[in-house]
Amino acid sequence: MSGVRRAYSTDLSDVEWAVLAPLVPPPKPGVRPPKHSRREIIDALAYWVRAGCAWRLLPHDFPPYQTVYHY
C-alpha cells in the first residue's frame, strides 16, 4: 500500500502502539518481506471490531480484507 491514508477514530495513537507493539509477533525470518505494516493490520482489526462490518466491507485504504482476516 502506498501513500498516506486518512486517519480513522479507531486508529491506535503512538502511545497505544508503543504499548502494543512488543506483543505483536514479528514477521517470520526467511520469508518475503511483509507488504503491510503490523500497525496497519491492527488498525484494520480495530476498525472491523468497532464497526461490526463484514470483512469485505473494510475500507479500501486498509490492507486487503483477506490479509487482515488472516491475522
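Heavy-atom basis, side chains included; hydrogens, waters and symmetry copies ignored. Only a predicted model underlies this, so the values are computations on that prediction, with no experimental measurement involved.
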Quiz prompt | Set of side-chain hydrogen bond (donor to acceptor under 3.5 Å, both in side chains) partners for Tyr69, sequence neighbours left out | solution = none

Exercise. Indicate the atoms forming the closest heavy-atom contact of Glu40 with Phe62, along with that distance.
Key: O-CD2, 4.3 Å

Exercise. Spell out, as yes or no, whether a donor-acceptor pair under 3.5 Å connects the side chain of Asp43 to the backbone of Leu12.
Key: yes

Quiz item: How far does CG of Asp11 sit from CZ of Arg6, to the nearest 0.5 angstrom?
Solution: 10.0 Å

Quiz item: Between the side chain of Trp55 and the main-chain N/O of Gln66, is any donor-acceptor distance below 3.5 Å?
Solution: no

Quiz prompt | Qualifying residues under ring pair (Phe, Tyr, Trp, His ring centres under 6.0 Å), relative to Tyr65, sequence neighbours excluded | solution = none

Self-check item: Val49-Val68 co-clustered via ILVMFWY side chain contacts under 4.5 Å
Solution: yes

Tell me which donor-acceptor pairs under 3.5 Å the side chains of residues 13-30 have, and how far apart each pair is, sequence neighbours excluded?
residue	atom	partner	partner atom	Å
Ser13	OG	Glu16	N	3.2
Ser13	OG	Glu16	OE1	3.4
Asp14	OD1	Arg39	NH1	3.1
Asp14	OD1	Arg39	NH2	3.0
Glu16	OE1	Ser13	N	2.8

Exercise. Using side-chain hydrogen bond (donor to acceptor under 3.5 Å, both in side chains) as the criterion, list what pairs up with Arg32, not counting sequence neighbours.
Key: none

Quiz item: With sequence neighbours excluded, what pairs up with Arg50 under the salt bridge (charged side-chain N to carboxylate O under 4.0 Å, His left out) test?
Solution: none

Practice problem: Locate the shortest heavy-atom distance separating Tyr47 from Cys53; write the atom from each residue and the value. | Solution: CE2-SG, 4.3 Å

Quiz item: Hey, does Lys35 have a side-chain heavy atom less than 4.5 Å from the side chain of Pro63?
Solution: no

Practice problem: For residues Thr10 and Ala46, report the shortest heavy-atom separation together with the two atoms involved. | Solution: O-CB, 3.7 Å

